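Presented below is the structure to which this report refers.
Along the sequence shown, the residues carry numbers beginning at 1. All values below come from the heavy atoms of this structure, side chains included, with hydrogens, waters and symmetry mates left out. Keep in mind the model is a prediction, meaning the values are calculated, not measured.
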Amino acid sequence: MSAIIDFLEDNFFIFEIFVSYVPFVILLKPRKFFWLRLIACMSGCVLVSYLLPDIFPGNILDNILNMLLFAFQVCLTVACLKICYKESLLTLILCGISAYATQHIFYRIRMVTMIAMDRFGWHNDWLFALLYCVEFASLLILLYLFLVRKLKKQAEFKVNNVKAVFLSVAVIVIAIVLNNISMVEMFSMGMIALIAFNAYVVFACLFLLINLFNNAYSKAMQHEIEIVQTLWMQDRRQYEASKQNIELLNMKFHDLKYFINNSSLDKTSIQEMSRCLDTYDSSFNTGNKSLDVVLTEKKLLCDNKGIKFFCMADGKLLNGIKVSDIYSLFGNAIDNAIECLADLADEDKKYISILVKRVNNMVRIQFENFTPNQLQIINGFPKTTKSDKENHGFGLKSIYYMVEKHNGVMEISVEDNVFRVSILLPITSQTGDFS
């Protein structure tokens, strides 16, 4: 047992770095055979850490070279991350910096604990070991809750800010230099000065972590919003094209009906042709022209794919919303449902139901369709079943931002294989004007 404890103490840095990675690697996507890769990489890192004192014996490990070797071990762990995870090098460097900063914060907290225990005469190895575990676990949990958790809600975690990463490297280098100075001067410093110095380094590293993760979160949100805004612009262009197509279709439809009614064809033929045309009479009259356009377009698409389309909508309630917003909201919701149902074999389950009605001073919009997949709702959105997660799932995000833009709320639920999107939007007057 004593040999194991001695081994852990001699290689404490590499083991603390391993543990410090725990809150951050949650964000990363593992490669195939992840556990085999991880075990091999960790074993290699521990072996290097074990051999370093033999390679650089005596006092050579003191001071500057000591700092460089610690930095080398961190770089080695980043290389191991590249072997184990499918992420960009910048993303992995951020994780390495975060782990190093975390270990350094814990080291400083441990130094203050040792000073306090010595001050009060608590010379107890078991108490120190207990505090060691509690302090380390508490630090990791707090970092996860306040920094990592909100990033975990994003579908994709990417770092593309080279400037922020290199600035962070510079801050870490300064922290290492300060650490070396404190180790040399700690015996000549007073207790208050030593505690103040350790507190300063802790806050510096915390400041670094907060800024790093806020930057990464802002970049992730900016990327998402840019994609949604691009979708909105495409929806605006698509609406204009759809409007012209529907108007042309209606003109041709009514011209053909007029021709049939005034033709010299026999009665049976006329009835048969009229029946066929009635099948494709997909015009809606909800009281909102932009809603009529999108419903007509999607109804024709559903007919072509054998999907039953049910709609009960009071379009006048939406008259206060921009034309392009209505098209984007309803178009994305219906397109998602069509994509889900297009290849479904059971004809009875191929349906889309849409409801738009007034509920007190709110308008309720609901989309409902059968889903063959066992969907998981994570952070309010269904987890995509597609392998290309980076380029999917933005249709519902687009709807969410559109609803938020109009001060509404949206809820997504799955019950008994029925996928449902429920939206509530405020109405400020009887005319349907929106806030």
Side-chain angles (χ1 to χ4, degrees), residues 1-107 110 129 132-133 136-137 139-140 143-144 148 157-159 162 165-166 168-173 175-177 179-180 183 205 208-209 212:
M1 188 65 183
S2 60
I4 295 175
I5 294 174
D6 290 341
F7 177 77
L8 293 175
E9 288 179 348
D10 291 340
N11 299 278
F12 77 94
F13 180 77
I14 194 66
F15 287 110
E16 286 181 357
I17 284 292
F18 287 157
V19 178
S20 298
Y21 269 114
V22 171
F24 309 109
V25 295
I26 294 171
L27 299 167
L28 309 180
K29 296 192 293 290
R31 293 184 184 273
K32 193 176 180 181
F33 305 116
F34 168 74
W35 290 108
L36 289 176
R37 292 170 183 264
L38 182 64
I39 292 170
C41 288
M42 289 181 68
S43 301
C45 288
V46 172
L47 179 62
V48 170
S49 175
Y50 178 75
L51 293 176
L52 282 177
D54 295 331
I55 299 172
F56 301 97
N59 294 326
I60 299 179
L61 281 176
D62 294 341
N63 301 330
I64 296 176
L65 186 57
N66 191 35
M67 296 185 300
L68 293 176
L69 291 176
F70 281 153
F72 168 75
Q73 290 181 72
V74 175
C75 293
L76 186 62
T77 61
V78 172
C80 291
L81 287 182
K82 192 64 178 174
I83 295 172
C84 297
Y85 294 96
K86 298 183 289 187
E87 300 291 347
S88 69
L89 183 59
L90 279 178
T91 301
L92 300 178
I93 290 174
L94 180 139
C95 287
I97 292 170
S98 301
Y100 201 176
T102 301
Q103 189 276 336
H104 204 70
I105 291 170
F106 172 66
Y107 173 74
R110 187 178 58 178
Y132 180 96
C133 295
F136 210 169
L139 175 62
L140 298 179
L143 289 176
Y144 172 79
V148 180
F157 168 56
K158 292 184 178 299
V159 177
V162 179
V165 171
F166 279 104
S168 303
V169 172
V171 173
I172 286 292
V173 170
I176 296 171
V177 172
N179 174 60
N180 186 61
M183 293 301 293
C205 289
L208 165 69
L209 285 172
L212 264 181

Taken to the nearest 0.5 Å, the spacing of Leu139 CG from Gln103 CD works out to 10.5 Å

Please check if the side chain of Arg31 supplies one atom and the backbone of Lys82 the other of a donor-acceptor pair under 3.5 Å. yes

List the steps, then state whether side-chain contact (heavy atoms from CB on, under 4.5 Å) holds for Val46 with Phe18. CA-CA 10 Å; Val46 172; Phe18 287 157; 3.7 Å; yes

Value for CD (Gln73) from CZ (Phe13), rounded to nearest 0.5 Å, stands at 6.0 Å

Exercise. Any side-chain heavy atom of Leu92 sitting closer than 4.5 Å to one from Leu28?
Worked result: yes

To the nearest 0.5 Å, atom SG of Cys84 lies from atom CH2 of Trp35 at 10.0 Å

Next item on the list: Say whether, by atom type as modelled, one donor and one acceptor occur between the side chain of Arg37 and the main chain of Lys32 under 3.5 angstrom.
Entry: yes

Closest non-hydrogen atoms of Ala99 and Ile17, given as atom of the first, atom of the second and distance, are O-CD1, 4.1 Å

What one should report as the nearest heavy-atom pair of Phe136 and Ser20 is CZ-OG, 3.5 Å

- Leu143 and Phe24: side-chain contact (heavy atoms from CB on, under 4.5 Å), yes or no, with the steps? CA-CA 9 Å; Leu143 289 176; Phe24 309 109; 4.3 Å; yes

OH (Tyr21) and SG (Cys80) are apart, to the nearest 0.5 Å, by 8.5 Å

Between Gly96 and Val74, the two heavy atoms sitting closest are O-CG1, 3.9 Å

Heavy atoms of Pro23 and Val148 approach each other most closely as O-CG1, 3.2 Å

Between the CG atom in Leu76 and the CG atom in Leu81, the distance rounded to the nearest 0.5 Å is 10.0 Å

Close side-chain approach of Phe106 to Leu140, heavy-atom, < 4.5 Å | no

One should read off an interatomic distance between Ile105 CD1 and Tyr100 OH, to the nearest 0.5 angstrom, of 13.0 Å

- Query: Where does the angle between the aromatic ring planes of Phe12 and Phe70 fall among parallel (under 30°), tilted (30 to 60°) and perpendicular (over 60°)?
  - Reply: perpendicular

Exercise. Between the main-chain N or O of Cys45 and the side-chain N or O of Ser49, is there a donor-acceptor pair closer than 3.5 Å?
Worked result: no

